[in-house]
Q: 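Structure in structure tokens, see below.
Each ligand, and each atom within it, is numbered from 1 in the order the structure gives. Computed from a predicted structure; not experimentally measured.
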Amino acid sequence: MSNISRRRFVKAGLATTAGVSGLAVAAKLAHRYGLVPPDSGGIFGPGETLTYAAHRIFSQHSLAREFPRNMISKDPFANSIAPLSDGFKRLQSGGFADWRLSVEGMVAQPATLSLSDLKTFPVRSQITEVVCEEGWSYIAEWIGTPLHEVLKSVGVLRQARYLVYFSIEPDWWDSIDMEDALHPQTLLVWAMNDADLPVSFGGPLRLRVPRQLGYKSVKFVTRVMVTDQVKGFVPALDPNSPNYGYSWYAGI
Ligand SMILES: Nc1nc2c(c(=O)[nH]1)N[C@H]1C(S)=C(S)[C@@H](COP(=O)(O)O)O[C@H]1N2
Ligand SMILES: [Mo]
């Protein structure tokens with residue numbers, strides 16, 4: 001969205017905020033300006049659309065809060081995960097030397113990267129909070145490769161709009177828009193609090209999306225795919241997904 005259409009959207013939106021039907025009208029405007037999340041169809045649709053559009057207009061480049069080192073949680077909470085497959089355990093017993101991240105879809109040069117390949121990119125470390133929709137949270141230092149560095153190296157095509165990312169765990173995948181995919185704090189994390197990322201926290205590789213709720217930070221990532229449409233890759237709309245019914249856009 002250009003700055004001009006952004007401004008027009010804001011103006012048009014402000015003009016409607018007074019009305020009772022403001023929410024529906026704002027949702028209509030968001031449609032007109034292409035700021036509609038892919039799960040906008042249900043009864044919460046207008047609200048979902050308004051949240052997403054407002055975040056993208058007013059805080060597109062905002063940073064997730066980063067904390068001082070002394071606020072790192074002493075006892076970070078690892079949410080329970082399904083039992084890991086034999087395939088995973090084999091990779092684990094080899095020290096994850098054979099772990100690969102496939103980078104594919106609408107890119108000029110698809111790539112397959114090992115953890116040591118990933119570590120040749122610039123490294124970013126940040127102290128941010130994981131917030132679960134179930135009400136708990138913790139703060140940790142996350143160290144990894146900014147996703148935008150990897151995407152830059154493979155050359156994202158102009159028509160790209162979304163990134164779909166997959167865990168080695170079946171049914172754990174999710175998608176984000178390119179603004180979050182290219183955001184400086186979106187990291188392919190391989191270390192946490194100065195040690196390799198523990199398996200319980202998604203090691204050897206986890207996509208941290210710190211501007212959104214915990215469920216968007218998928219553990220054990222093996223594949224990222226750039227695409228121009230997310231149809232079929234919206235957990236909110238997929239009964240097989242553990243995040244069925246949760247908002248696609250979970251900005252915090
Ligand atoms: N592959 C995978 N990723 C996952 C999950 C999972 O069960 N499997 N749980 C999600 C949920 S609901 C949350 S809140 C966070 C929990 O992160 P934590 O274990 O670091 O607390 O991971 C998310 N990523
Ligand atoms: Mo969660």
Q: Quick check on the hydrophobic clustering: are V130 and V199 connected, directly or via other members, by side-chain heavy-atom contacts under 4.5 Å?
A: no
Q: Between W136 and ligand 1, which part of the residue brings a heavy atom under 4.0 Å of the ligand: side chain, backbone, both or neither?
A: side chain
Q: Same cluster or not: are V189 and F88 linked, directly or through other Ile, Leu, Val, Met, Phe, Trp or Tyr residues, by side-chain heavy atoms under 4.5 angstrom apart?
A: no
Q: So, regarding W142 and ligand 1 (criterion: nitrogen or oxygen to nitrogen or oxygen, under 3.5 Å), is there a contact or not?
A: no
Q: Please state which protein non-hydrogen atom is closest to atom 12 (S) of ligand 1 and give its distance, to 0.1 Å?
A: Y215 CB, 3.6 Å
Q: Just say parallel, tilted or perpendicular for the rings of F96 and W99, cut-offs at 30° and 60°.
A: perpendicular
Q: Is the ring pair F233/F166 parallel, tilted or perpendicular, if the boundaries are 30 and 60 degrees?
A: perpendicular
Q: Within ligand 1, which atoms have a heavy atom of C132 less than 4.0 Å away?
A: 14 (S)
Q: Quick one: which of Y162, Y249, Y52 gives a side chain to side chain donor-acceptor pair (under 3.5 Å) with D177?
A: Y52
Q: Which is closest to atom 5 (C) of ligand 1 by heavy-atom distance: Y246, W172, F220?
A: W172
Q: Report the nearest protein non-hydrogen atom to atom 20 (O) of ligand 1: residue, atom name, distance rounded to 0.1 Å.
A: Y138 OH, 2.5 Å
Q: Does any N or O of ligand 1 fall below 3.5 Å from an N or O anywhere on E133, backbone included?
A: no
Q: Hey, could you give me the CG/CG distance between D238 and D171, rounded to the nearest 0.5 Å?
A: 7.5 Å
Q: Decide, yes or no, whether a salt bridge links R223 with E104 under the criterion of side-chain N to carboxylate O below 4.0 Å.
A: yes
Q: Within ligand 1, which atoms have a heavy atom of G214 less than 4.0 Å away?
A: 13 (C), 14 (S), 15 (C), 22 (O), 23 (C)
Q: Of all the atoms in ligand 1, which lie at a distance below 4.0 Å from a heavy atom belonging to F201?
A: 20 (O)
Q: Using a strict 4.0 Å cut-off to heavy atoms of E169, name the atoms of ligand 1 that fall inside it.
A: 1 (N), 2 (C), 6 (C), 8 (N)
Q: For R206 and ligand 1, answer yes if some heavy atom of the residue is under 4.0 Å from a ligand atom, otherwise no.
A: yes
Q: Would you call D180-K216 a salt bridge at under 4.0 Å N-O?
A: no
Q: Do any N or O atoms from the side chain of Q126 and from the backbone of Q185 form a donor-acceptor pair under 3.5 angstrom?
A: yes
Q: Could you list the atoms of ligand 1 found under 4.0 angstrom from a heavy atom of S167?
A: 1 (N)
Q: Distance under 4.0 Å to a non-hydrogen atom of S217: what atoms of ligand 1 satisfy this?
A: 22 (O), 23 (C), 24 (N)
Q: Report the part of F77 (side chain from C-beta onward, or backbone N, CA, C, O) that has a heavy atom under 4.0 Å from ligand 1; answer both or neither where that applies.
A: backbone
Q: What protein heavy atom is closest to atom 3 (N) of ligand 1, reported as residue, atom name and distance in Å?
A: K219 N, 3.0 Å
Q: Run the numbers for me: atoms of ligand 1, each under 4.0 Å from some heavy atom of V218, listed by number.
A: 3 (N), 24 (N)
Q: Keeping the roles fixed (side chain from R206, backbone from F201), state whether a donor-acceptor pair exists under 3.5 Å.
A: yes
